[in-house]
Protein chains: 4
Amino acid sequence: MGVKERRALEKELRRNQILDAARKLLFETGMKAISINKIAQEAELGVGTIYFYYKNKEEIFAALQEEGLKLLYAKIENIYQNKKKPDKKLKEMGTAYLQFSEDRKDYFDIISYFLSSSEVIFPLNLKTQIDLSGNKILSLISSTIDDGIKAGIFKAVNSRRFSIMFWGTVHGLVQFKKLKNTILNGENHNEIYQYSIDSLIDGLYSK
Amino acid sequence: MGVKERRALEKELRRNQILDAARKLLFETGMKAISINKIAQEAELGVGTIYFYYKNKEEIFAALQEEGLKLLYAKIENIYQNKKKPDKKLKEMGTAYLQFSEDRKDYFDIISYFLSSSEVIFPLNLKTQIDLSGNKILSLISSTIDDGIKAGIFKAVNSRRFSIMFWGTVHGLVQFKKLKNTILNGENHNEIYQYSIDSLIDGLYSK
Amino acid sequence: MGVKERRALEKELRRNQILDAARKLLFETGMKAISINKIAQEAELGVGTIYFYYKNKEEIFAALQEEGLKLLYAKIENIYQNKKKPDKKLKEMGTAYLQFSEDRKDYFDIISYFLSSSEVIFPLNLKTQIDLSGNKILSLISSTIDDGIKAGIFKAVNSRRFSIMFWGTVHGLVQFKKLKNTILNGENHNEIYQYSIDSLIDGLYSK
Amino acid sequence: MGVKERRALEKELRRNQILDAARKLLFETGMKAISINKIAQEAELGVGTIYFYYKNKEEIFAALQEEGLKLLYAKIENIYQNKKKPDKKLKEMGTAYLQFSEDRKDYFDIISYFLSSSEVIFPLNLKTQIDLSGNKILSLISSTIDDGIKAGIFKAVNSRRFSIMFWGTVHGLVQFKKLKNTILNGENHNEIYQYSIDSLIDGLYSK
DNA sequence: CATGAATGAGCATTCATTCAT
DNA sequence: TATGAATGAATGCTCATTCAT
């Protein structure tokens with residue numbers, strides 16, 4: 001192994017060390033409580049060092065977001081790999097998203113943060129990363145739909161487009177959970193959520 | 001006009017003056033940059049005065065959110081009042097939401113903020129206000145669907161439930177606009193958005 | 001009743017109304033949390049009104065302190081009136097002070113506040129009031145000692161001087177209770193307290 | 001001297017610089033007027049820097065208190081080391097406390113503050129420090145009494161317990177000095193103070 | 001590469017007091 | 001008398017970022 005490779009490896013290790021600390025803080029105290037100083041302390045590194053490996057706090061958040069997306073991908077992948085029918089799978093994928101927002105609230109928060117905060121514009125390299133992670137998830141949904149089309153149970157829709165609609169819908173509905181005590185008052189959020197997924201899938205069936 | 005009434009009027013004016021300042025700041029610099037001190041400066045009032053009229057920062061945000069919801073309501077109401085068919089109206093309502101998120105980015109941000117920020121939980125009095133504003137909008141959608149059902153062009157769905165799904169979907173999809181340069185790469189967000197609304201409405205038609 | 005008297009009476013009533021509010025806040029939330037605004041709110045009066053009846057916050061505190069001293073006086077008086085022997089009474093008075101500091105922590109705090117805060121210099125009228133209240137308590141101790149001297153069980157000490165020493169000692173020792181987890185570690189504060197009173201009284205006995 | 005040692009030294013210097021500023025403020029304006037911002041200004045440092053060296057305001061106060069206790073210790077130690085008899089020493093120690101409260105009013109205030117303010121409870125680490133400083137002083141008093149017992153001039157009392165009573169008494173009486181214009185009116189505080197110490201010591205003599 | 005000391009603007013909030021009505 | 005709106009300095013504290021070593 002050459003010097004260059006070793007260097008690159010060490011760099012990656014340090015980046016992970018920092019991410020480990022940030023993740024720990026994210027889990028334990030939530031996004032709001034994360035500061036570079038705290039990450040440095042947790043990682044047993046100098047603050048300056050953090051800045052050497054990450055341009056700023058947002059870049060660390062972005063890395064965590066990617067982790068979250070990967071985790072989500074694993075969940076969806078798992079469903080994709082099972083032997084059930086495409087419509088069943090889609091349903092499970094939708095349900096999984098709600099569950100993910102509850103089980104991995106931390107990661108979900110950070111994903112939502114980037115989605116709803118209007119200010120952040122990603123530098124190109126981050127863009128590419130997220131692109132990849134997000135696209136992979138989307139592809140799973142897409143493939144599931146394609147499978148359904150091929151199997152003849154779904155009509156021939158633009159599967160990519162439908163996937164985006166699918167994800168957009170569930171993402172919006174998950175956020176509406178916050179309204180369960182206000183606007184949803186009386187309505188059962190979970191039922192609405194399931195109903196919505198069902199409706200979406202219903203729209204897919206070939207007559 | 002008695003002294004009391006004048007007083008009450010002046011009080012209301014001051015509250016508006018503060019809100020004007022907060023709104024201006026929201027427009028110009030975004031949510032992140034709003035602080036009580038800045039609002040006070042902008043409103044040419046002492047900080048203490050702000051606290052005399054609003055219990056805390058969140059109350060101001062909530063007031064702005066309500067403004068936003070009212071504005072949105074007006075838009076939707078306008079559509080509801082026109083003579084078009086329910087399906088056409090629904091379509092327009094969906095489109096209006098996307099447009100609202102662009103035209104009144106500021107208000108949309110603040111609505112999204114409360115929807116996605118996990119920390120904030122409204123005290124009861126604010127809850128009630130928002131409840132009202134949000135519900136009114138939902139009712140318009142709901143009524144439109146009911147009208148369609150009555151007219152026989154929509155099948156008999158639970159209109160309230162469908163409204164929530166409708167709003168949830170468009171809300172989620174609007175947020176996905178941020179991804180137009182990453183995940184959506186190549187896809188036209190607007191087309192997907194319109195496609196999604198169409199799909200939703202399609203699901204409503206009686207066969 | 002002339003106009004003047006009525007006026008004076010009403011003034012006294014208002015002052016009491018304010019004191020009632022302040023006392024309530026003192027009990028419920030402690031000294032630190034008392035502000036003129038809160039007192040005004042509690043008393044259902046304007047802030048300005050408070051300032052009309054009391055020059056400043058400290059004057060209200062002083063009035064509360066006097067209340068506390070009167071309460072303490074009542075306790076000591078009660079002991080003084082019983083039929084026990086002077087040495088027994090003294091012992092009970094000492095014990096009562098410790099108990100007062102626990103039972104009426106609120107009042108005790110305010111008394112301590114004025115005693116340990118170096119800044120406050122009382123205006124003459126307050127000085128006179130406190131003089132009176134404090135002196136009355138001291139007189140009870142003094143009289144108890146005098147009774148003991150007359151009865152021949154105490155030697156002929158300067159009873160006033162001894163009273164001050166007595167009160168000073170117990171006051172100092174009560175404060176040391178705070179140290180029970182640090183300096184007193186292992187020692188039982190109450191035992192030391194009782195031991196100290198006993199020692200003081202021991203010093204009084206005629207041989 | 002290595003870099004590390006120099007660094008550590010500089011850090012200690014900064015901590016002192018901050019303490020110097022705080023002490024100066026304490027001397028000149030009293031406890032009430034001390035704020036972190038003022039300390040920073042006085043020390044010609046940024047506010048953040050203060051927080052870099054001290055976790056919070058209370059830690060600075062505690063450090064000052066410890067200084068005060070050390071100073072007091074030195075005074076008492078000085079007396080302890082002289083060749084006089086134990087009873088004479090005790091008398092001098094008591095007198096020294098009153099003098100300390102006058103000469104080093106600032107330090108005495110801060111000691112009293114922590115003793116009488118009901119709110120502050122020290123975190124463990126600070127507790128331990130104060131424990132030490134306070135205990136050392138107590139030990140000197142205690143040893144003096146033990147010496148007296150050994151020498152046969154004092155009777156066999158529990159010296160630790162007596163020390164606490166001794167300190168408690170003088171501490172309480174010092175505070176009563178504030179009352180010299182009110183309750184003590186006419187009485188000479190110093191005489192009472194001396195009388196009290198004498199009485200305490202009298203109680204120690206073996207018959 | 002790595003450090004960590006230093007910064008200072010910034011934060012939300014409180015509060016005694018004033019004063020025109 | 002009584003009000004209560006208005007003030008603005010002040011509070012303790014945080015934090016992203018810089019930079020000399």
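Reminder, nothing fancy here: chain letters follow the sequence lines and each chain counts from 1.
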Can you check whether C/L25's main-chain N or O pairs, donor with acceptor, with C/T29's side chain at less than 3.5 Å? yes
In this structure, how many angstroms lie between the C1' atom of F/dT1 and the CD atom of C/E10, rounded? 10 Å
From NZ of B/K32 over to P of E/dA12, roughly how many Å is that when rounded to an integer? 14 Å
From F/dG12, F/dT7, F/dA2, nucleotide with atom closest to C/R14 side chain: F/dA2
Minimum-distance nucleotide (side-chain atoms of C/Y53 versus F/dA2, E/dC1, E/dC11): F/dA2
Short side-chain N/O contact to E/dC11 OP1/OP2 from B/S35, under 4.0 Å: yes
So what does B/I36 hit on the nucleic acid, given a heavy-atom distance under 4.0 Å: a base, only sugar-phosphate, or nothing? base
Side-chain contact check for A/T49: nearest option of E/dA2, E/dT13, F/dT3 is E/dA2
D/I34 near the nucleic acid: base, sugar-phosphate alone, or nothing, with a heavy-atom cut-off under 4.0 Å? sugar-phosphate
Starting at atom CD of D/E58, determine the distance to atom C1' of F/dC13, rounded to an integer number of angstrom. 14 Å
From the candidates E/dA5, F/dA16, F/dT3, the one with an atom nearest any side-chain atom of D/K11 is E/dA5
Can a side chain N or O of B/R7 be found less than 4.0 Å away from OP1 or OP2 on E/dT21? no
Over all strands shown, is C/I39 touching base, sugar-phosphate only, or nothing at heavy-atom distances under 4.0 angstrom? nothing
A/R15 atom CZ is separated from E/dC1 atom P, nearest whole Å, by 13 Å
Quick check: C/F27 with C/Y107 (ring centres under 6.0 Å apart)? yes
Spacing of B/I50 atom CD1 relative to E/dT14 atom P, expressed in whole Å: 14 Å
Closest to the 5' end of DNA chain E, once C/K38 and D/G46 are matched to their nearest nucleotides, is D/G46
Taken to the nearest whole Å, CZ/D/F52 to C1'/F/dT17 is 14 Å
Any donor-acceptor pair under 3.5 Å linking the side chain of A/E66 with the backbone of A/S133? no
Heavy atoms from C-beta onward define the side chain here; which of E/dA16, F/dA5, E/dT13 lies closest to that of C/K57? E/dA16
Can the ring centroids of D/F61 and D/Y54 be said to lie less than 6.0 angstrom from one another? no
Starting the side chain at C-beta, find the nucleotide from F/dC13, E/dT18, E/dA12 nearest to C/V47. E/dT18
Is C/K105 paired with C/D109 through a side-chain N to carboxylate O contact shorter than 4.0 Å? yes
Starting at CG of C/L25 and ending at P of E/dT14, how long is that distance when rounded to a whole Å? 15 Å
With the side chain of B/Y51 defined as its heavy atoms from C-beta on, choose the nearest nucleotide among E/dC1, F/dG12, E/dA12. E/dA12
With both distances under 3.5 angstrom, what nucleotide forms a Watson-Crick or G-U wobble pair with F/dA20? E/dT3
Looking only at the side chains, is there a donor atom on one of A/Y113 and A/E58 sitting less than 3.5 Å from an acceptor on the other? yes
Which base sits across from F/dT14 as a Watson-Crick or G-U pair, both distances under 3.5 Å? E/dA9
Nearest-Å distance for atom pair CD/P, residues B/Q41 and F/dA9: 12 Å
Let me know, please, whether C/N37 or D/G48 comes out on the 5' side of the other along DNA chain E by nearest nucleotide. D/G48
